[in-house]
Peer 1: 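I have a structure here, written as structure tokens, and I will follow up with some questions on it.
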2 protein chains.
Amino acid sequence: MTPASQPPRTREGSVLEASRSDDRGYQSDPTTVSLAVSTVIFALRPRPKTGLMTLWIPLVRRIRQPHKGLWALPGGPLGAEEDLAEAARRALRDTTALTPKYLEQLYAFGTVDRSPRDRVVSIVYWALVESAEASAASESDNVQWFEADSIPTLAFDHNTIVEYALWRLRTKLEYTRIAHAFLGETFTLAQLREVHEAVLGKELDPANFRRTIEASNTVVPTESRLAGTRHRPPRLYRSAEKPDRGPFTHHGGPH
Amino acid sequence: MTPASQPPRTREGSVLEASRSDDRGYQSDPTTVSLAVSTVIFALRPRPKTGLMTLWIPLVRRIRQPHKGLWALPGGPLGAEEDLAEAARRALRDTTALTPKYLEQLYAFGTVDRSPRDRVVSIVYWALVESAEASAASESDNVQWFEADSIPTLAFDHNTIVEYALWRLRTKLEYTRIAHAFLGETFTLAQLREVHEAVLGKELDPANFRRTIEASNTVVPTESRLAGTRHRPPRLYRSAEKPDRGPFTHHGGPH
DNA sequence: ACAAAAGTGTTGGAGGTACACCCATGT
DNA sequence: ACATGGGTGTACCTCCAACACTTTTGT
């Protein structure tokens, strides 16, 4: 019996992003519902002191009311000619200047009072960014990375959203191959295990991890090995083609 | 390795409901994105000939353009003072005049061209309705129940949405106790098994089903038994309190 | 040679499927 | 008495956690 995946019922703020261009802190027409798209971005980065890889999330500082000065999820209003995922990707590009290796819709948050004056419905996505790139990601006064375990108080209901995204990431890691999104073209099983350990926050048995992964057919071994270690050189693997299928390819075609 | 739960990328219509009050078939302001909420409603009802319980979905006939005359999911525009789930519940009440025992957000559909002229983002919910009530549900010229396995061609991308909802229902049935939502206060294990069989579309071993359910602690036995059968009277069960927990109660508290 | 991580083998427990069998009631 | 589903027992199989053990490199 696994946990239910009912998302939170929040009673807090909205998702007007820091980079919004108009200066009003409220909606002119109170009968209108406005639509925004935000993205929870995950990447693995080394923890400053220990150098150990952990989960990080970039946040943007709000430069307008409401919640001016607080950190918030990157996002913005949905463009009329823009798909939802495109908008999420744009939020990601604007803050981190990176391209996600994985992007999925998380949930639509829309309680009436989540923003103080506006009525905003936020469609939230979550994204995974390759570790190598994430290290070189832009950081500034208004954009900063935080460890997923120690997120400050955020604007609106964004703390709740981040928690939910974290839960989804951890849950989904166990039954899909999204972990590959954190890694490059080829990787060792130790590196893949490191990703799992960082996300789940616990150590895994190398022997059993190997067998579990091998049995899942999510990776294919290459001929090359990683040299330069001061021990036996580990084999490099690539991500398997695309055994990842949505619900439709399942019962859509012949069984 | 279970299937990934990436929803479809549709390239079709929107979700303007049949009961919408304005008569325009398009949006006045082309730069505005409008927001609608629809609901996929599930109930178990006996199949006409065989009497065997199967999955049914109520649909409404579109009485306006676009897609006038086609069947579509019940839904409507989101009210400014209305939570998303409320709007979904309203759609359900208006069509079936019933209260859902279970209601959960499915997905937000928002590709640019899903509606011919408008730009509509639909936040779709799915709901379960008690079988007993569903039998007495209202049906009219513009509201009709269809078997989940034989849905006609629907307006917009609603066929895709229904397929996705079906997939979610079947998947979630296996690791939660949502099956209870189809049943009344008390029920026999045979009835619960009948629900599972109807949703999954295959027979289950009564002996093993019993043990699986008992081990899951999702039901509690009562003292009463069901009489009037022409065999040994089966024990009645109730749904367990609330071992159903969202992601937050999980890692929100101490581990 | 030795440290260190890669990689293999082995065992025991948990859980799930198949199926034989007994139990209690209405007719 | 007997048909019918309720309910129990059990053997087997697969998957997974734990951990001992062997292999291959750099120093």
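First the proteins, then the strands, lettered A, B, ... as listed; each starts at 1. Bear in mind that the values here come from a model prediction, so they are computed numbers and not experimental data.
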Peer 1: Across the strands shown, which category fits B:Arg211 at heavy-atom distances under 4.0 angstrom: base, sugar-phosphate, nothing?
Peer 2: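 Base, at least one base heavy atom under 4.0 Å.
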Peer 1: Hey, could you give me each pair passing side chain to side chain donor-acceptor pair (under 3.5 Å) that has a residue in residues 42-58 of chain A? Not counting sequence neighbours.
Peer 2: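 Residue pairs passing side chain to side chain donor-acceptor pair (under 3.5 Å), neighbours aside: A:Arg47-A:Glu147, A:Thr54-A:Trp56, A:Thr54-A:Glu147.
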Peer 1: Is it the case that B:Tyr107 and B:Gln105 place a side-chain donor and acceptor less than 3.5 Å from each other?
Peer 2: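 No.
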Peer 1: Could you tell me which residues satisfy ring-ring contact (aromatic ring centres under 6.0 Å, His included) with B:Phe209, sequence neighbours excluded, listed by chain and number?
Peer 2: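 Partners of B:Phe209 by the ring-ring contact (aromatic ring centres under 6.0 Å, His included) criterion, ordered by chain and then number, come out as B:His196.
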Peer 1: Under 3.5 Å, which protein N or O atoms sit close to an N or O of nucleotides 22-25 of chain C? Give each pair with its distance.
Peer 2:
from   : atom 1 : to       : atom 2 : distance (Å)
C:dC23 : O2     : B:Arg232 : NH1    : 3.2

Peer 1: Within residues 195-209 of chain B, find the residues that approach DNA chain D with a heavy atom at under 4.0 Å, and present them sorted by residue number.
Peer 2: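 Output list: B:Ala207.
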Peer 1: Looking at residues at least two apart in the chain, or sitting in another chain, which of them share a ring-ring contact (aromatic ring centres under 6.0 Å, His included) with A:Phe187?
Peer 2: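 Only A:His180 meet the ring-ring contact (aromatic ring centres under 6.0 Å, His included) criterion with A:Phe187.
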Peer 1: Any residue in residues 181-194 of chain B with a heavy atom nearer than 4.0 angstrom to DNA chain D? Just list them by number, or reply none.
Peer 2: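 Output list: B:Ala190, B:Arg193.
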Peer 1: Please tabulate, one pair per line, all N/O donor-acceptor pairs under 3.5 Å involving side-chain atoms of residues 127-134 of chain A, not counting sequence neighbours.
Peer 2:
from     : atom 1 : to       : atom 2 : distance (Å)
A:Glu130 : OE1    : A:Lys101 : NZ     : 3.0
A:Ser131 : OG     : A:Phe182 : O      : 2.9

Peer 1: Under 4.0 Å from any heavy atom of chain B: name the first and the last nucleotide of DNA chain D that qualifies, 5' to 3'.
Peer 2: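 In short, chain B contacts DNA chain D from D:dT4 to D:dT10.
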Peer 1: Show me, pair by pair, the donor-acceptor contacts under 3.5 angstrom made by side chains of residues 226-236 of chain B, not counting sequence neighbours?
Peer 2:
from     : atom 1 : to       : atom 2 : distance (Å)
B:Thr229 : OG1    : B:His231 : O      : 3.1
B:Arg235 : NE     : B:Thr222 : O      : 3.0

Peer 1: What's touching nucleotides 12-16 of chain C from the protein side, N or O pairs under 3.5 Å?
Peer 2:
none

Peer 1: Quick one: list whatever passes salt bridge (charged side-chain N to carboxylate O under 4.0 Å, His left out) with B:Asp205, sequence neighbours left out.
Peer 2: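 With sequence neighbours excluded, B:Asp205 shows a salt bridge (charged side-chain N to carboxylate O under 4.0 Å, His left out) to no residue whatsoever.
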Peer 1: Check whether the ring centres of A:Tyr164 and A:Trp126 lie less than 6.0 Å apart, and answer yes or no.
Peer 2: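 Centroid separation for A:Tyr164 and A:Trp126: 6.0 Å or greater.
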Peer 1: Does the B:Thr39 side chain pair with the main chain of B:Ala88, one donor and one acceptor, at a distance under 3.5 Å?
Peer 2: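 Answer holds: yes.
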Peer 1: Check salt bridge (charged side-chain N to carboxylate O under 4.0 Å, His left out) between B:Arg210 and all other residues, then give those that pass, not counting sequence neighbours.
Peer 2: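 For B:Arg210, the residues satisfying salt bridge (charged side-chain N to carboxylate O under 4.0 Å, His left out) (neighbours in sequence not counted) are B:Glu214.
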